[in-house]
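Letters A, B, ... are given to chains in the order of the sequence lines, protein chains preceding strands, and every chain is numbered from 1. Below, all heavy atoms of this structure are taken into account, side chains as well, without hydrogens, waters or symmetry copies.
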There are 6 protein chains.
Amino acid sequence: MSTQRIQKRVSDSAAIMSEIVLPNDGNGLGNLMGGRLLHWMDICASISSRRHAGMVCVTAGIDSVDFASPIREGEIVILNSHINRAFRTSMEVEINVWAEETKTGRRRQCNKAFFTFVAIADDQKPVLIPELIPESKAEKLRFKDAGVRRDFRLVLSGRISSVDAPHIQKYLETRRQSES
Amino acid sequence: MSTQRIQKRVSDSAAIMSEIVLPNDGNGLGNLMGGRLLHWMDICASISSRRHAGMVCVTAGIDSVDFASPIREGEIVILNSHINRAFRTSMEVEINVWAEETKTGRRRQCNKAFFTFVAIADDQKPVLIPELIPESKAEKLRFKDAGVRRDFRLVLSGRISSVDAPHIQKYLETRRQSES
Amino acid sequence: MSTQRIQKRVSDSAAIMSEIVLPNDGNGLGNLMGGRLLHWMDICASISSRRHAGMVCVTAGIDSVDFASPIREGEIVILNSHINRAFRTSMEVEINVWAEETKTGRRRQCNKAFFTFVAIADDQKPVLIPELIPESKAEKLRFKDAGVRRDFRLVLSGRISSVDAPHIQKYLETRRQSES
Amino acid sequence: MSTQRIQKRVSDSAAIMSEIVLPNDGNGLGNLMGGRLLHWMDICASISSRRHAGMVCVTAGIDSVDFASPIREGEIVILNSHINRAFRTSMEVEINVWAEETKTGRRRQCNKAFFTFVAIADDQKPVLIPELIPESKAEKLRFKDAGVRRDFRLVLSGRISSVDAPHIQKYLETRRQSES
Amino acid sequence: MSTQRIQKRVSDSAAIMSEIVLPNDGNGLGNLMGGRLLHWMDICASISSRRHAGMVCVTAGIDSVDFASPIREGEIVILNSHINRAFRTSMEVEINVWAEETKTGRRRQCNKAFFTFVAIADDQKPVLIPELIPESKAEKLRFKDAGVRRDFRLVLSGRISSVDAPHIQKYLETRRQSES
Amino acid sequence: MSTQRIQKRVSDSAAIMSEIVLPNDGNGLGNLMGGRLLHWMDICASISSRRHAGMVCVTAGIDSVDFASPIREGEIVILNSHINRAFRTSMEVEINVWAEETKTGRRRQCNKAFFTFVAIADDQKPVLIPELIPESKAEKLRFKDAGVRRDFRLVLSGRISSVDAPHIQKYLETRRQSES
């Protein structure tokens, strides 16, 4: 029963990373390569997943990511991550990325992404992870959204029909309206 | 006019990379870290985008990625990429990833992903890229799918309404049926 | 006049880094190499110094460091840093280091160190930096201690006589008593 | 009894390293980062400690280090190290660092530092190491100074009182005079 | 008997690698360092040797290599390799290297090299490898040449006399004529 | 006139490097990869060539290399290099490599190789380098051998006929006899 599962809070899995963009991280035009940033995001998310699960976890999937704002060589990159929702053996990790200009200290958000991690034992089999108890209003909203995104992934991968997930269509509409 | 644009074929942008998974690429359980693989995928896709555009391009976004099959330390990783469709300044790159076991030579597909790249000039502004002319039946299908995925991204990012993109719903259905 | 200098708070320079100890960071016995940790500490302190000075700064010196507790491969390392005191062109940065065991989440402090950074312009000449205004009681104590440590460094490097710095002897005594 | 310990000479532990400063070693202003240099110093000192102890040793501490002269990208860095004194399970390693300008071949000393290493067995417990027998006048002086520095570290860490180490005060005075 | 050995084709061992030349790969003049390229060539050849032998192999030797055409930072490097001939426990791997200019897509061959690999078991002892069956005319020519080069290596290393290898002298002559 | 050229001694270009074999340097069987060692050899030789030429030089070619003795992870690798002979714009660098076992300190020679470097200016054109004046008997012998090896390379690359280089055949014979 899930009531027997250990319970953890969102703050238990919060992780912070900082990096300075070095010449080898660049794409030849003075911008950070997208793949290098994804690598850092995966390490940050991996730390959050370890903190929630109490064991090493593996990346099972990532949602689509936009690279809206290019990051320049020499800039400081700050990554924050935490668990949004724990399922049975998998969990959704949210990662936010900022770039910081040294001269002004001005930070601009460059990415927001959702990675899915699975806790696996030494025999490579999935393991039941602690439950996540959202507390604040924002945490509860992210908890709910994580469930929608999960159904969305299941529809996209063909494991459930979008007929069985009518909220997906609603989600797409809502998202469009709130952002327009 | 687009008819004045240079025209290129899919094969012009084909790129192949091979890597051996080293200890530092692992996650502590002997598996390749997801972020490390994404980094390699971005480099491979970046080479395809350069070959199509004739200039350095930047990662603008990636579609969702599943890490179905773990890759083990010491295994050989093979990455293939090519352009599926060129828009005005952006293009969709498809990357396929296989892991190869040394003893048997057996290869298993581990990932398929779609990255979007944009050609930018030294002043960081987008540049018109050559047109992609699909030739084979498979290339034409991928060309068409790339258009659907693009609309899908625009719906997801709220830039167009899903009402204006009825084929999205149809796409989700079709995908579910073909995979079930 | 110093009253014309920009004033900053300790929190303005706070930096946090997280790292996972990889095989190549080890010493062959499964422990993190001291030099690798010093490298990370320097990067973290460098970020704090940039945040205070608003420009790239260089490491001018480090105080003695003890490596009390070995850090194991696979453990998460967390580094925190902030400015303790700004002099005219140099500043003292304090770095604290913890290791975190994945299974229990237990953290143990492994290091505390003091690095001195200098702000330099493109012509490699030192530049006047903002003033640091300590606010809390703890910040004021660290501010004062940073001054003692600076005199101590000047005595050690022979730039002033310990006769001219009687508080050095007192400092050594006090430190011994508070720790015994 | 210590008379039964293996005896080694200073030259038995001499180590030499050379490095070229690459773009990723820099701080964004074209100078070698302090932390990167400390990493190299630790590897060089680690080789000396292995040669004396006949086993892998770990960094237990480093004395304060000044970064007097900046090292430029593209310059050659030369590191020399040797044991100054062996205690029971720990030893002091001295490291000297020079930078060499390619055009003129001119070398300038950039650092002198003292690292303490401890020999540890596979069970992570300290192990008795060979005795160091200083031979030349310079070696004997460094042997003596290493003892003073050790007492100094013990006073600084509060493990002995400076009252019990009157030579510390004398050392500080002497050092000041000899350098003025 | 060799007839009992597994038989493989040249295409079974074909390997392709692509790399982008990064700042840290350069020599300070904007050209790829020779040693960095050799490192990549060894990895590519290593993959070919694994594919032929079905196990990890080690580099036993390399023939002389000319670096005729410098490769520039930012260029794409393409490496191709395959087995030319399998002996009992060793095999000759041929590696060809091209550099590709991004703007024009123009490729120029920069290197051709021959590496010798040996298949070794976990106990570090050589292991009998599959036979290579050359099929095309070009493959048969390379197969024959590989035998000449092997005798040449044996003469150079003093293991056989050049008197016992008269074709060596002939080979040198032939090579000179075909290239003049 | 060459009499106007700066003259340097062999010792002016002597370079020493030390490295510890890390997990990522290995081939999956616990041995150092050949390509990684070649990379280090190239860096060491590059330092010698800079010291002789007073400028950055590029690798123009390497002679055949045997990897007689495998080097194990965790071992210390020592590289020594110096110029054997300077031609007009190119020079031959000899590199010797030893592996050192930590427990016993026992060193075994693992490689001896000859690299050719060329001094090039910022415009990528070759530059006249200082003359090398061999002093000891050993240096004079290596100076002479370097000339033979150069002719040998010219014959191999088809730039001169072996008929015009009768000493090549003699060299092969001599080498065979001295090593048998």
Original post:
Taking atom CG of F/N27 and atom CZ of E/R50, what is their separation to the nearest 0.5 Å?
Top reply: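 It comes to 8.0 Å.
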
Original post:
Between F/V65, F/D66, F/L29, which shows the greatest number of heavy-atom pairs under 4.5 Å with chain E?
Top reply: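 Option with the top pair count is F/V65.
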
Subject >> Max heavy-atom pair count under 4.5 Å with chain E, selected residue of F/A68, F/A45, F/S64, F/P70 >> reply: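 Ranked by contacts with chain E, first place is F/S64.
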
Go through [options] and name the one with the most non-hydrogen pairs under 4.5 angstrom from chain F.
options	result
E/L37, E/L32, E/V58	E/V58
E/M41, E/H39, E/R36	E/H39
E/I43, E/I62, E/L38, E/D63	E/I62

**OP:** Flag yes if more than 12 heavy atoms outside F/R9 fall under 6.0 Å of its CZ atom; otherwise flag no.
**Re:**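 No, not enclosed.
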
Original post:
What heavy-atom pair brings E/D42 and F/M33 nearest, and what distance separates the two atoms?
Top reply: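 Scanning both residues completely, I find the closest heavy atoms to be OD2-CE, 3.1 Å.
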
